[in-house]
Amino acid sequence: MSEQQKKQNFLQGTALLAMATAIVKVIGALYKIPLNAIIGEQGFGYFNTAYEIYNVLLMISTAGLPVAMSRMISQASSLRHYNQVRRVYATARGIFLGLGIAGTLLMTVFCRQLAQFQNQPDAWAAIGCLGPCVLLICIMSTFRGYFQGQGNMLPTSVSQVLEAVVKLVVGILAAMALLRATNSVPLAAGGAILGVTASCLVSSLYLFTIFRKSFRELPDSGETADSFSATARGLLIIAVPITVGSAGLQILTMLETKIYMGRLLASGMTQSQADTIRGIYGMTQTIFNMPCAFITPITISIIPAITSQLTLLNYKEAMLTEESAARITGLIAMPCAIGLAVLAEPVTALLGRYSGDRLALAASLMRMLAITIIFDAVVLVTTAIMQSHGHAGRPVINMLVGGVLKLLAVYILTGNPHIGILGTPIGTLICYFMISVLNLVSIRQLIPQTPTIVRNLVRSLLAALVMGVFAWLSWFGIKHLGISSKLLLCGVPIAVGVVVYFFAAVAMKAITREDCLLLPKGDKIAKVLHL
């Protein structure tokens, strides 16, 4: 396979996952926005508390192993060592099952104690209902790691869409039914979580069906595969540092919730008031997480692509892939960050259905989180680059440094009555800014042919700033015309921003001709854009 074909596969895989992510995020919005209206800010706070605990166990179970599987399967497939591919899968499966069973038992058996620890005792039902998902996600991650290592992103994409659809239908219906039957917000939040569990089960069954056929078709390559113990060591050498970093940061995030909830309660707020603020912040976090979900497909695709290029000693092609990933990251992250910053008020008013003081708080939280999107995107892509080169330990150190700074900032700032909950997104911004700086410095130190990351982001940022000016002016103008429709106040400025950003990005050459040529009919696209 030529290098051009490999880069096409990387970009096509990224496009496929990005398309699936777009569908999933639309469905997710259809899930969480009405869910927030059904169970209210308090219920949504319970929902998010359960997710934070779940994410810690999820990171421990799945953060490093899928990356390790992807890298090792990519290496073996590049050398046509298919017996080793089988051995990597079988070894990873055993590790995944052990971690999944342990995580599920912890969340299910100790749901009340975990809720009490988070200063939200009524979140126990949501935590308990989410417990089985840990095992199911571990099973799904085994299949996804196998397919991604071979550069096949279709099963992952389809399973994500399938998962989102089932979650929407089951979660909303279960939340409504339980709220109507019991009139209990905590139980309704647990019902919403049942949709997540059901979606994971359906997705696991789909992936198993596709995997069984693919696994049987692997040829017998004749080589002697490494032993289970040697393969396990190889997986854990890659996975453990990634897992420690990801889980450590997630644990710090969970501690962050405990800290700011404790500080809010200590300031004289009632449990109900603190839970409501927690729910508002949770909604803005949901919006904040949307843009970077589109960066994850890039990181998933580049790890096997770069690993394959490095295995075959194609160092220049690996660097070009890394720079292309940085450009695509900028094209996605920059307009999202600037757009959410300047349109924080209409976006939160529409998606959160807030007004008055709640809208003012949500908009302030959103503006701070919006700027963080830029640094979060840089962290994601630079971490993936270092992991592709086998440097999994350095991102861990960088993440933990940023996480500790975040906790200190949150503790200090949220204790100030003039700052309060706003100290939390400020701490998040400090955290990701520090990690991104440390990652960029680390890449220069660790990778001989250093890709130019920042330069490939600047043009997208400039185009996004131009877009931001026009988007804000259009919102300001519509608002002062007396139009009160939340949909128009949000939709029109976004539409203006999309058009302006497209022309600004082309004019500033934020995307290159080489990037276009990797797309289907890329030469025609390049001609239309005059690249």
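It should be emphasised that the depicted structure is a prediction, and the values quoted were computed from it without experimental measurement.
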For [X] versus [Y], what's the shortest heavy-atom pair and its separation?
{"X": "G103", "Y": "V134", "answer": "CA-CG1, 3.9 Å"}
{"X": "Q445", "Y": "R394", "answer": "OE1-NH1, 2.9 Å"}
{"X": "T108", "Y": "G128", "answer": "OG1-O, 4.1 Å"}
{"X": "A370", "Y": "A337", "answer": "O-CB, 3.3 Å"}

Using the side chain to side chain donor-acceptor pair (under 3.5 Å) criterion, which residues pair with T91? Sequence neighbours excluded.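 Per chain and number, T91 pairs via side chain to side chain donor-acceptor pair (under 3.5 Å) with no residue.
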Residues in side chain to side chain donor-acceptor pair (under 3.5 Å) contact with E217, at least two apart in sequence or another chain: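 E217 satisfies side chain to side chain donor-acceptor pair (under 3.5 Å) with no other residue.
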Roughly how far apart are [X] [atom1] and [Y] [atom2], rounded to 0.5 Å?
{"X": "I127", "Y": "F110", "atom1": "CD1", "atom2": "CZ", "value": "13.0 Å"}
{"X": "L351", "Y": "I287", "atom1": "CG", "atom2": "CD1", "value": "4.5 Å"}
{"X": "L207", "Y": "M140", "atom1": "CG", "atom2": "CE", "value": "7.0 Å"}
{"X": "M72", "Y": "Q84", "atom1": "CE", "atom2": "CD", "value": "6.0 Å"}
{"X": "R327", "Y": "L331", "atom1": "CZ", "atom2": "CG", "value": "9.0 Å"}
{"X": "H81", "Y": "R86", "atom1": "NE2", "atom2": "CZ", "value": "13.0 Å"}

According to the interplanar angle, ranging from 0 to 90°, do the rings of F211 and Y89 count as parallel (below 30°), tilted (30 to 60°) or perpendicular (above 60°)?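 Ring orientation, 0 to 90° scale: tilted.
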Once the angle between the rings of F215 and Y146 is folded into 0 to 90°, is it parallel (under 30°), tilted (30 to 60°) or perpendicular (over 60°)?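 Perpendicular.
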Show which side-chain atoms of residues 198-205 pair as donor or acceptor with protein atoms under 3.5 Å away, not counting sequence neighbours.
residue: S199; atom: OG; partner: G195; partner atom: O; Å: 3.4
residue: S199; atom: OG; partner: V196; partner atom: O; Å: 2.6
residue: S203; atom: OG; partner: S159; partner atom: O; Å: 3.3
residue: S204; atom: OG; partner: L136; partner atom: O; Å: 3.4
residue: S204; atom: OG; partner: C200; partner atom: O; Å: 2.8

Qualifying salt bridge (charged side-chain N to carboxylate O under 4.0 Å, His left out) pairs with a residue from residues 435-447, counting only residues at least two apart or across chains: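 Applying salt bridge (charged side-chain N to carboxylate O under 4.0 Å, His left out) to every pair that reaches into residues 435-447, excluding sequence neighbours, yields nothing.
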Which salt bridge (charged side-chain N to carboxylate O under 4.0 Å, His left out) pairs, counting each pair once, include a residue from residues 124-153, with sequence neighbours left out?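 The answer is R144-E163.
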Give the C-alpha distance, both sets of side-chain angles, the deciding distance and a yes or no for side chain to side chain donor-acceptor pair (under 3.5 Å) between T231 and R87. CA-CA 7 Å; T231 304; R87 181 57 52 84; 5.4 Å; no
Return yes when atom CZ of F433 has more than 12 non-hydrogen atoms of other residues, nucleotides or ligands closer than 6.0 Å, and no otherwise.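 Open.
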Heavy-atom side-chain proximity of R71 to Q75 below 4.5 angstrom: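 Heavy-atom side-chain distance check passes, below 4.5 Å.
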Taking T450 for its side chain and I447 for its backbone only, find out whether a donor-acceptor pair lies under 3.5 Å.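 Flag set: sc T450 to bb I447 pair under 3.5 Å.
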Considering residues at least two apart in sequence or located in another chain, which fulfil the salt bridge (Lys or Arg N to Asp or Glu O under 4.0 Å) criterion with E322?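 In terms of salt bridge (Lys or Arg N to Asp or Glu O under 4.0 Å), with neighbours along the sequence ignored, E322 is linked to no residue.
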Might you work through the side chain to side chain donor-acceptor pair (under 3.5 Å) test for N456 and T452, ending with a clear yes or no? CA-CA 7 Å; N456 280 291; T452 54; 3.0 Å; yes
